[in-house]
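See below for the structure under consideration.
Count residues from 1 along the sequence.
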Amino acid sequence: MTIPRPRRRLATLAALGAAILLPSCTGTADGPPPAAPTSSAGAAQPRPSTPAPAPTREPPPAEGECRGVSIAQLRTIINDEPPVPCGRPHTVVTFHVGRLPKAATRDAIAPADEEIEAAADRLCQSRFRDHVGGSRADRRLSMLTATYFLPPSEQFNAGARWVRCDVYAYAAPKRLAELPRRLEDALERNRAADRFGRCSPVSPSSPRFRHVACQEPHRWRAVAIRAVGRPNERYPGLRTVQNRARDRCEAPVRNYLGTQQGFSYGFEVPQRDAWARDDRVALCWARTGG
């Protein structure tokens, strides 16, 4: 079981609607309704309504800002949590602030738009690779994750087109990790890579299996990834994928443990829904504790 990426799509409320006011007839069928009373010369006349001023576009967020964002807030695409000093506890760091491409926003009327969110995700994932460093395997074996936030609707309507790219990590399935001040090239540094590695307190075969950051108590660690399918291959079934992982994970786990003796290892494979999202990678797990 992997920790799923939080849902990013927001339910939007209809902003437009028309109310039809039907006239109320108080006359009888034999005669017209009474005429509306006329206002006297001294009666107060209604003031003409003044249109609300257009919202002022606010400056975008700044790179390097830290915030104490919750798991619930990570499930939304809009976040107005104020920054906190990075020396204080925080759960996200803004590692990049970019701009949405015009092609994605041309016909959009709100930030909760499929093309906008896809463009924001691509931008942040690309910048994330550059920011934390490491190989594809290093990033897959880490709990560090990139996400994005977009301008609120009123700012989007005022012309704001920024994307805020934040990095976060789960410490455990229901708790976010506190982050350090600096995460540039974090996966190039052994200490940070170990702290935010992908571990578990129990075996991948246990019904209580869960991912935790390696800074938490654990007995198992994900130490390698191995391809278990071709890019355009149809899903071959869970048993076939498991057999491939079993064959391909033994050697890298042995190398990680540096042993020719017997050892325990496990694997975690993509199931049908993940396979449909082009996930063809198994995680290889080594037993590292008693």
Side-chain angles (χ1 to χ4, degrees), residues 3-10 55-102 104-105 108 110-113 116-134 138-139 142-172 174-189 191-197 213 215:
I3 296 176
R5 174 177 168 82
R7 292 174 59 88
R8 304 294 295 167
R9 197 77 60 222
L10 285 180
T56 302
R57 192 192 311 178
E58 299 173 356
E63 293 180 7
E65 290 180 336
C66 300
R67 290 176 172 82
V69 172
S70 68
I71 292 175
Q73 290 171 322
L74 282 174
R75 295 191 178 105
T76 70
I77 61 170
I78 295 170
N79 175 256
D80 58 1
E81 192 71 20
V84 299
C86 290
R88 290 173 51 186
H90 58 277
T91 55
V92 302
V93 177
T94 300
F95 64 89
H96 178 70
V97 177
R99 183 174 177 82
L100 290 166
K102 291 183 179 179
T105 61
D113 175 272
I116 289 178
E117 295 194 49
D121 187 56
R122 285 193 300 269
L123 172 65
C124 292
Q125 295 299 333
S126 174
R127 293 288 182 162
F128 177 72
R129 293 193 291 269
D130 297 335
H131 186 72
V132 298
D138 292 332
R139 292 186 293 273
S142 170
M143 297 291 276
L144 292 172
T145 308
T147 191
Y148 60 87
F149 292 104
L150 296 167
S153 295
E154 62 273 13
Q155 286 296 300
F156 186 87
N157 292 335
R161 295 294 183 268
W162 50 259
V163 183
R164 189 182 108 200
C165 301
D166 286 9
V167 58
Y168 69 96
Y170 277 93
K174 296 182 179 181
R175 177 166 52 87
L176 295 178
E178 292 185 7
L179 300 181
R181 291 172 176 265
R182 179 174 173 267
L183 284 168
E184 296 93 337
D185 297 323
L187 299 183
E188 307 284 350
R189 305 192 302 273
R191 183 176 179 182
D194 286 343
R195 178 178 176 182
F196 295 109
Q215 65 184 2

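A donor-acceptor pair under 3.5 Å is absent between the side-chain atoms of Thr105 and the main chain of Ala108, judged by distance alone. Between the side chain of Arg189 and the backbone N or O of Glu184, at least one donor-acceptor pair lies under 3.5 Å.
Atom CG of Asp185 is separated from atom CG of Leu187 by 9.0 Å, given to the nearest 0.5 angstrom.
Heavy-atom contacts from other residues, nucleotides or ligands closer than 6.0 Å to CD of Glu58 number 12 or fewer.
Taking each heavy atom of Ile78 and Leu150 in turn, the nearest pair found is CG1-O, 3.7 Å. Closest approach of Thr91 and Leu179 over heavy atoms only: O-CD1, 3.3 Å. Shortest non-hydrogen contact noted between Ala192 and Ala186 is CB-O, 3.3 Å. Residues Gly87 and Arg181 approach most closely at CA-NH2, 3.5 Å, considering heavy atoms. The nearest pair of heavy atoms linking Ala110 to Asp113 is O-CB, 3.7 Å.
Cation-pi check for Arg161 over Phe156 is met; the charged atom lies under 6.0 angstrom from the ring centroid and within 45 degrees of its normal.
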**OP:** I would like to know whether Val92 and Glu81 meet side chain to side chain contact (heavy atoms under 4.5 Å, CB included); could you show each step before the answer?
**Re:** CA-CA 11 Å; Val92 302; Glu81 192 71 20; over 6 Å; no
Subject >> side chain to side chain contact (heavy atoms under 4.5 Å, CB included) between Leu176 and Tyr170, intermediate numbers included >> reply: CA-CA 4 Å; Leu176 295 178; Tyr170 277 93; 4.0 Å; yes
**OP:** Using the side chain to side chain contact (heavy atoms under 4.5 Å, CB included) rule, take Glu65 and Val97 through it: C-alpha gap first, then chi angles, then the decisive distance, then the call.
**Re:** CA-CA 10 Å; Glu65 290 180 336; Val97 177; over 6 Å; no
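The shortest side-chain heavy-atom distance between Asn79 and Arg67 falls under the 4.5 Å cut-off.
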